[in-house]
Q: 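Below you'll find the structure I mean.
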Amino acid sequence: MRTALRPAAPVPPQQAAATQRAVPPRRAAPAPAPAPVEEAGWDQPRPPKAARGRSRDEVGWVKAHGGAGTTSLIDTLGGVDVGARWPDPARGEPRRIVVVGRTSSGGLRAVSRALGALKEGKAPQGLDLLGVVLVADAPGRLPLVLLRRIRVLRSVARVYRVPWIPAWRTGGHPKHEPRQLATLAALVGSDLYGEGAVS
């Protein structure tokens, strides 16, 4: 036998108000964390960051953008990774620097911005730019439009190109170091290469 449901008795207004007050208010969901702020441009001041250098005379590798290839170069040639900022020799950081970028369109633009900031005096005093290292962003020849941009960079600074090294892609070391790395080793004073080590 089915029992009919009775409608609930109406709640007096005073009791309803008391019940609503007893229920704690719902907390709003926390606001999402702000997205990371893009790195300041080369013409903007950057927060100080300790470079892992042992001497201000050691070479500092300055990446013009993320993924420039500084880690692979440092693993091969030594030196100090100062990140995407200018080191400050007054704080004991390297005074001799190399700016590193990829040969992609975006990489060349980033290198150009860094050199422009350096030329305009938007970097600490006492820096000595040894040159710009352009690491190949892909195997094969560069398109003419990118070669033209490199020519413009050469009118401002000494440019050294590093070819595509497949072993770097997987975190390894090439069996035969390209001659361009021997040139860079001489530039930065690296003693990692012995006689005949470069084919």
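Since the model is a prediction, treat every value here as computed from it, not as a measurement.
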Q: To check you understand the geometry: which heavy-atom pair defines the closest contact between G79 and I74, and what is its length?
A: O-CG2, 3.8 Å
Q: Would you say the side chain of Y160 lies within less than 4.5 Å of the side chain of V98, judging by non-hydrogen atoms?
A: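 With C-beta onward as the side chain, the pair stays apart.
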Q: Mind checking the CG-CZ spacing from L184 to R161? Nearest 0.5 Å is all I need.
A: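 CZ of R161 is found 12.5 Å from CG of L184.
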Q: So which heavy atom on A68 is nearest to which on G101, and how close?
A: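 Looking at all heavy atoms of both residues, the shortest contact is CB-CA, 3.9 Å.
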Q: I need the minimum non-hydrogen distance between G60 and V82, along with the two atoms involved.
A: CA-CG1, 4.5 Å
Q: Per the side chain to side chain contact (heavy atoms under 4.5 Å, CB included) rule, which among V188, V80, T71 passes with W61?
A: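 Only one option passes, and that is V188.
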Q: Considering only heavy atoms from C-beta outward, does the side chain of T70 approach that of V62 to under 4.5 Å?
A: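 Result no, sub-4.5 Å side-chain heavy-atom pair not found.
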Q: Would you give me the side-chain donor-acceptor pairs under 3.5 Å for residues 125-150, sequence neighbours excluded?
A:
from: D137; atom 1: OD1; to: T103; atom 2: OG1; distance (Å): 2.6
from: R149; atom 1: NH1; to: S105; atom 2: OG; distance (Å): 2.5

Q: Could you tell me whether a side-chain N or O of H65 sits under 3.5 Å from a main-chain N or O of R102, the two making a donor and an acceptor?
A: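 It does hold such a pair.
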Q: Does L181 reach the side chain of I165, with side-chain heavy atoms less than 4.5 Å apart?
A: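 Sidechains of I165 and L181: in contact.
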Q: Flag the pair P89 / P124 as yes when at least one side-chain heavy-atom distance between them is below 4.5 Å, and no otherwise.
A: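 Of all side-chain heavy-atom pairs linking P124 with P89, at least one is under 4.5 Å.
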Q: Are the side chains of D75 and W168 in touch, meaning some heavy atoms are under 4.5 Å apart?
A: no
Q: Hey, could you give me the CZ/CG distance between R113 and L108, rounded to the nearest 0.5 Å?
A: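 If I round to the nearest 0.5 Å, the distance is 11.0 Å.
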Q: Of all residues at least two apart in sequence or in a different chain, which pass the side chain to side chain donor-acceptor pair (under 3.5 Å) check with R154?
A: none
